[in-house]
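Structure first, then comments.
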Amino acid sequence: KAGVTQTPRYLIKTRGQQVTLSCSPISGHRSVSWYQQTPGQGLQFLFEYFSETQRNKGNFPGRFSGRQFSNSRSEMNVSTLELGDSALYLCASRTGGDNSPLHFGNGTRLTVT
Amino acid sequence: QQQVKQSPQSLIVQKGGIPIINCAYENTAFDYFPWYQQFPGKGPALLIAIRPDVSEKKEGRFTISFNKSAKQFSLHIMDSQPGDSATYFCAASGGDDKIIFGKGTRLHILP
């Protein structure tokens, strides 16, 4: 079974621009979560989508948004980029059942200059 | 109340030693406590998980100890090897099924 695929692997953007990251979950997984990883803050939860609906949301500003398509693929968008948005963005999928384990992709490394 | 506090931030252990990573939580609604292992350039991967109805769980060289009354849990790695060098994250979830992670521990096993 193919794992979670995230594209692109690396991205360099300028302050004020916007960016869209993509995630393809494991086949059959209906839940997709997004996390921001930085050296100082560890893994911070952004949001989770299940069957195209946002099920949970973390404490990030409205510049961070996401969506999920009918095939469970997900995209995350960050508008008006700030230097502090530089991070590794991880996507994880799971079946969606109670406490089912997260399966992570290898992330998209975003650098904002 | 949603936080999971993890310590230490980094740890260096001689090969064969037993590194111990500790985590503490406050939210009593948490009922699932997984540990994830992350190697450089890779996403985290589930290592082992425990529920609060047991005090200990072993999988190979990895053991979770759980103290419900103290709201603490820890990961022990027996007979540690250089290949265990990685970043380890504890996590907790419950109620809303949102998984909250600790800030991670960078473990280095000396050969």
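Just so it is clear, the model here is predicted, and its values are computed rather than measured. To find a chain, count down the sequence lines: A is the first, B the second, and so on, and within it residues start at 1.
The minimum heavy-atom distance between Leu46(B) and Pro101(A), with the atom names listed, is CD2-CB, 3.4 Å.
Looking at Gln6(B), there are no atoms closer than 4.5 Å to chain A (heavy atoms on both sides), in backbone or side chain. Heavy atoms closer than 4.5 Å to chain B are found nowhere in Arg109(A), neither backbone nor side chain. Gln37(A) touches chain B through its side chain: at least one heavy atom from C-beta onward sits under 4.5 Å away, while N, CA, C and O do not.
Ile77(B) and Phe33(B) fall within the same hydrophobic cluster, where Ile, Leu, Val, Met, Phe, Trp and Tyr residues are linked whenever their side-chain heavy atoms come under 4.5 Å apart, directly or through other members. A single hydrophobic cluster is seen to contain both Tyr49(A) and Met76(A), as judged by linkage of ILVMFWY side chains at heavy-atom distances under 4.5 Å, directly or through other members. Cluster membership check: Val4(B) shares its hydrophobic cluster with Tyr88(B), using side-chain heavy-atom separations under 4.5 Å among Ile, Leu, Val, Met, Phe, Trp and Tyr. Both Ile50(B) and Ile21(B) are part of a single hydrophobic cluster, where members link through side-chain heavy atoms under 4.5 Å apart.
In this structure, the ring of Phe101(B) has its center less than 6.0 angstrom from the ring center of Tyr35(A).
Atom CG of Leu90(A) and atom NZ of Lys42(B) lie 12.5 Å apart (nearest 0.5 Å). Atom CD1 of Ile100(B) is separated from atom CZ of Phe45(A) by 7.0 Å, given to the nearest 0.5 angstrom. Taken from CG in Leu43(A) to NZ in Lys103(B), the straight-line distance is 12.0 Å, to the nearest 0.5 Å. Atom CG in Leu102(A) sits 4.0 Å away from atom OH in Tyr36(B) (nearest 0.5 Å).
The number of heavy atoms from other shown groups lying within 6.0 Å of NZ (Lys68(B)) does not exceed 12.
Side-chain contact between Lys98(B) and Glu48(A) is absent, with no heavy atoms from C-beta onward closer than 4.5 Å.
Here Gly41(B) is the residue among Gly41(B), Pro34(B), Gly104(B) with the most heavy-atom pairs under 4.5 Å with chain A.
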